[in-house]
Amino acid sequence: MDINITARHFNASAGLQSRVQDEIEKLGKFYPNITSASVVLDQEVEHMRRCEISLNIKGSVIVASADEENMGKAIDTAVERAKTQLKKHNEKQKDHKTQSLSELVNKW
């Protein structure tokens, strides 16, 4: 998976970038077909931090964001929101899979 991390209005430390990369890679267990991820960390206002995660998956894009007092909370909240959306997307795909021919014949 290709992960792109961008910091706006501040310099993200190597430790922060490593943490974000680890959290994004963990999302792969909820939906294994994530092709790429883009994370934007923003510190525009003095007491507000923003984390926006965009995940490109087969057929769609999932976006989750969070505004918190510190960057750690913002990352955690955005990752949880992305995790929830990935789980829902995965369940929708499982529910909409087509039935096999043998299952259809057995119904008749």
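No experiment lies behind these values; they were computed from the predicted model shown. Values reported hereafter were calculated over all heavy atoms of this structure, with side chains retained and with hydrogens, waters and symmetry mates removed.
Arg49 has its side chain out of reach of Glu68: every pair of non-hydrogen atoms, C-beta onward, lies at least 4.5 Å apart. Considering only heavy atoms from C-beta on, Lys87 stays 4.5 Å or farther from Tyr31 through its side chain. A 4.5 Å side-chain heavy-atom check between Ile75 and Leu16 finds at least one atom pair inside the cut-off. Contact annotation: the side chain of His9 approaches that of Asp42 to within less than 4.5 Å [non-hydrogen atoms, C-beta and beyond]. At least one side-chain heavy atom of Ile3 sits under 4.5 Å from a side-chain heavy atom of Met1. The shortest distance between side-chain heavy atoms of Arg8 and Val40 falls below 4.5 Å.
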Inset, instruction - Output, in order, the C-alpha distance, side-chain angles, deciding distance and verdict of salt bridge (charged side-chain N to carboxylate O under 4.0 Å, His left out) for Glu80 and Lys83. - result: CA-CA 5 Å; Glu80 286 299 317; Lys83 189 184 303 183; 3.1 Å; yes
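Separation of atoms NZ (Lys88) and CD (Glu91) is listed at 11.5 Å; rounding is to 0.5 Å. Interatomic distance, Glu69 CD to His47 NE2, rounded to the nearest 0.5 Å: 9.0 Å. Rounding to the nearest 0.5 angstrom, the gap separating the OG atom in Ser38 from the CG atom in Asn4 is 5.0 Å. Asp2 CG to Ile34 CD1: the interatomic distance, rounded to the nearest 0.5 Å, is 12.5 Å. To the nearest 0.5 angstrom, Asn11 atom CG is 10.0 Å from Gln43 atom CD.
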Return a table of donor-acceptor pairs under 3.5 angstrom between the side chains of residues 52-65 and protein atoms on other chains or two or more places apart.
from  : atom 1 : to    : atom 2 : distance (Å)
Asn56 : ND2    : Ser36 : OG     : 2.7
Ser65 : OG     : Arg50 : NH2    : 3.4

Report all side-chain donor-acceptor pairs from residues 17-28 shorter than 3.5 Å, counting only partners two or more places apart or in another chain.
from  : atom 1 : to    : atom 2 : distance (Å)
Gln17 : NE2    : Ala12 : O      : 3.4
Arg19 : NH2    : Asp76 : OD1    : 2.6
Arg19 : NH2    : Asp76 : OD2    : 3.1

